[in-house]
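Below is one structure; the comments refer to it alone.
Here the structure is a predicted model, which means the values were calculated and not measured.
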Amino acid sequence: QVQLVESGGGLVQAGGSLRLSCAASRNSRFINRMGWYRQAPGKQRELVATITTIGNTNYTDSVKGRFTISRDNAKNTMYLQMNSLKPEDTAVYYCMLTIWGVDYWGQGTQVTVSS
């Protein structure tokens, strides 16, 4: 099993920034994909950003230019830097790794953006 521990959520005003962290209990050479998801109340969980093992990134249109996904392999940690936050970014954010076809999820961290 791989445990993912998230941190960095909180309450921030619109236009502010937060950095989410996702620390894995161990590294793996068999990661298929990794990324960040979010789920707002009453809405389906959506993919926010992905990063490949070699560092290629993709973002959902609503966060392009504002969010940056990154990874520190030495620390087994993935990050989501969120700038210019908007109230519509309010959600529970989850990190995810897929290893050997199995999805591993963080516990979720609440991000609340006030206007």
Item to complete: Could you work out the complete set of other residues in the hydrophobic cluster of Val5, with links drawn between I, L, V, M, F, W and Y side chains under 4.5 Å apart?
Response: none
Worksheet, complete the sentence: Heavy-atom closest pair (Val2 atom, Arg26 atom, distance to 0.1 Å) is CG2-NH2, 3.6 Å
Item to complete: Find the distance between CG (Asn76) and CZ (Arg71) and round it off to the nearest 0.5 Å.
Response: 7.5 Å
Please list, one pair per line, the donor and acceptor atoms closer than 3.5 Å that link side chains of residues 78-87 to other protein atoms, with sequence neighbours excluded.
from: Gln81; atom 1: NE2; to: Asn83; atom 2: OD1; distance (Å): 3.0
from: Asn83; atom 1: OD1; to: Ser17; atom 2: OG; distance (Å): 2.8

Response to the item:
Between the CD atom in Glu6 and the CG atom in Leu20, the distance rounded to the nearest 0.5 Å is 7.0 Å
Worksheet item: When you look at CD of Gln13, are more than 12 heavy atoms from neighbouring residues, nucleotides or ligands closer to it than 6.0 Å?
Response: no
Discussion item. Counting C-beta onward and ignoring hydrogens, is there a side-chain heavy-atom pair between Gln110 and Thr90 closer than 4.5 Å?
Written reply: yes
Fill in: Counterpart residues, salt bridge (charged side-chain N to carboxylate O under 4.0 Å, His left out), relative to Lys64 (two or more places apart)
Asp61
Worksheet item: Within the distance-only criterion (no hydrogens, no angle test), does the side chain of Thr98 pair as donor or acceptor with the backbone N or O of Gly101 below 3.5 angstrom?
Response: no
Worksheet entry | Members sharing Trp105's hydrophobic cluster (side chains within less than 4.5 Å) | Tyr37, Leu47, Val92, Tyr94, Met96
Worksheet item: Nearest heavy-atom pair of Ile51 and Ser70: which atoms, and what distance?
Response: CD1-CA, 3.8 Å
Worksheet item: Which residues pass the side chain to side chain donor-acceptor pair (under 3.5 Å) test with Arg19, sequence neighbours left out?
Response: none
Item to complete: Kindly give the cluster partners of Leu11, where membership spreads through any ILVMFWY side chain lying under 4.5 Å from a current member.
Response: none
Discussion item. Please report the interatomic distance CD1(Ile69) to CG(Asn58), rounded to the nearest 0.5 Å.
Written reply: 9.5 Å
Worksheet entry | Smallest separation among heavy atoms of Cys22 and Leu4, with atom names | SG-CB, 4.0 Å
Practice prompt. Evaluate side-chain contact (heavy atoms from CB on, under 4.5 Å) for Val111 paired with Arg38, printing each intermediate quantity in order.
Written response: CA-CA 9 Å; Val111 172; Arg38 67 185 180 187; over 6 Å; no
